[in-house]
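One structure is given below, encoded as structure tokens.
Positions are given from 1 along the sequence. Every number for a ligand or one of its atoms is a count from 1 in the order of the listing.
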Amino acid sequence: MMGLKEVYILGKKFRELIPEQSLQERIDELAARINNDFAGREVVFVGILNGAFMFAADLFRRLDLQARITFIKLASYAGTSSTGTVRELIGWNEDLKDKQVIIIDDIVDRGDTLEYAVNNLIIRNVTDIKVAVLLLKPGSYRKNIRIDYVGYEIPNDFVAGYGLDYNGFGRNLTSIYSLVG
Ligand code: IMP
Ligand code: MG
């Protein structure tokens, strides 16, 4: 681990897990796949605030599609662990009926947030739902929803940076960091 960048967020030590340049290159690849898979089609992206705002912006600006983007705000995390309950802080205000939707989230842990978003899209009679997430914790994921575009599979450790927070802080870091110890 020598030479890897360390940062403190609210007094806790974090170590670099995915550097900025790798993230940006990986997002290039995800965007290229989405551009290819949806060429010539109209897509509505639904970003899940707060965590996904940075990933959503970087992914969306690389898209070469007739695309819209909207956001909902969901919360399932308190501190460094999942609560298992999803709260809707900002709801759905777009007509998504008969639309091809791609959900954008920062990270899937247990999958409660993703399941909540998917169930809410199903009752809105969308045509089809795909899912793009930057990070997936396979050791923690307990749902069967297919995740179509995954940036990285990571261990079950708590991470922050690039939109992801530790108690509200750390979102402005441009790399992903993992909690040490
Ligand atoms: P899930 O509902 O358990 O899948 O948790 C997903 C949500 O919790 C994500 O959208 C994040 O906002 C947040 N989250 C999960 N794991 C982490 C983490 O390691 N760091 C920061 N936020 C996380
Ligand atoms: Mg989130």
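- Close approach of ligand 1 to D165 is summarised as follows: ligand atoms under 4.0 Å from at least one heavy atom of the residue are 21 (C).
- Inclusion of D109 in the set of residues having an N or O under 3.5 Å from an N or O of ligand 1 is warranted.
- Of the protein's non-hydrogen atoms, the one nearest atom 2 (O) of ligand 1 is T113 OG1, 2.7 Å.
- Side-chain atoms of Y177 and E6, non-hydrogen and from C-beta on, never get closer than 4.5 Å to each other.
- Proximity of L74 to ligand 1, defined as any heavy-atom pair under 4.0 Å, is not found for any part of the residue.
- Side chains of D106 and Y162: no donor on one and acceptor on the other come within 3.5 Å.
- Not counting sequence neighbours, the partners of K137 by the salt bridge (Lys or Arg N to Asp or Glu O under 4.0 Å) test are D109.
- The closest approach between G111 and ligand 1 falls below 4.0 Å for a heavy atom of the residue.
- Every heavy atom of L179 sits 4.0 Å or more from the atoms of ligand 1.
- Under a 4.0 angstrom heavy-atom cut-off, S76 registers as being in contact with ligand 1.
- The closest approach between K137 and ligand 1 falls below 4.0 Å for a heavy atom of the residue.
- Within a 6.0 Å sphere centred on CZ of R33, heavy atoms belonging to other residues, nucleotides or ligands number more than 12.
- Side-chain contact between D112 and K143: present, with at least one pair of heavy atoms (C-beta onward) separated by less than 4.5 Å.
- Across F55 and L134, no two heavy atoms sit closer than the pair CE2-N, 3.4 Å.
- When V159, I107, N167 are checked for heavy-atom proximity to atom 6 (C) of ligand 1, I107 turns out nearest.
- Neither the backbone nor the side chain of V86 comes within 4.0 Å of ligand 1, counting heavy atoms alone.
- Counting heavy atoms from C-beta on, the side chains of V101 and V43 never come closer than 4.5 Å.
- Scanning the protein for heavy atoms near atom 8 (O) of ligand 1, the closest one is Y77 CD1, 3.0 Å.
- Atom NZ of K12 is surrounded by 12 or fewer heavy atoms from other residues, nucleotides or ligands within 6.0 Å.
- Backbone and side-chain nitrogen or oxygen atoms of L114 are examined, and none is located within less than 3.5 angstrom of a nitrogen or oxygen of ligand 1.
- Annotation: atom 3 (O) of ligand 1 to nearest protein heavy atom, R110 N, 2.9 Å.
- Every atom of ligand 1 with a heavy atom of D112 under 4.0 Å away is listed here by number and element: 1 (P), 2 (O), 4 (O).
- Counting the atoms of ligand 1 from 1 in the order shown, those under 4.0 Å from a heavy atom of D105 are 10 (O).
- In this structure F60 satisfies the ring-ring contact (aromatic ring centres under 6.0 Å, His included) test together with F45, sequence neighbours excluded.
- Among all protein heavy atoms, the one lying closest to atom 12 (O) of ligand 1 is D106 OD2, 3.6 Å.
- Judged by distance alone, the side chains of Q24 and R62 do bring a donor and an acceptor atom under 3.5 Å apart.
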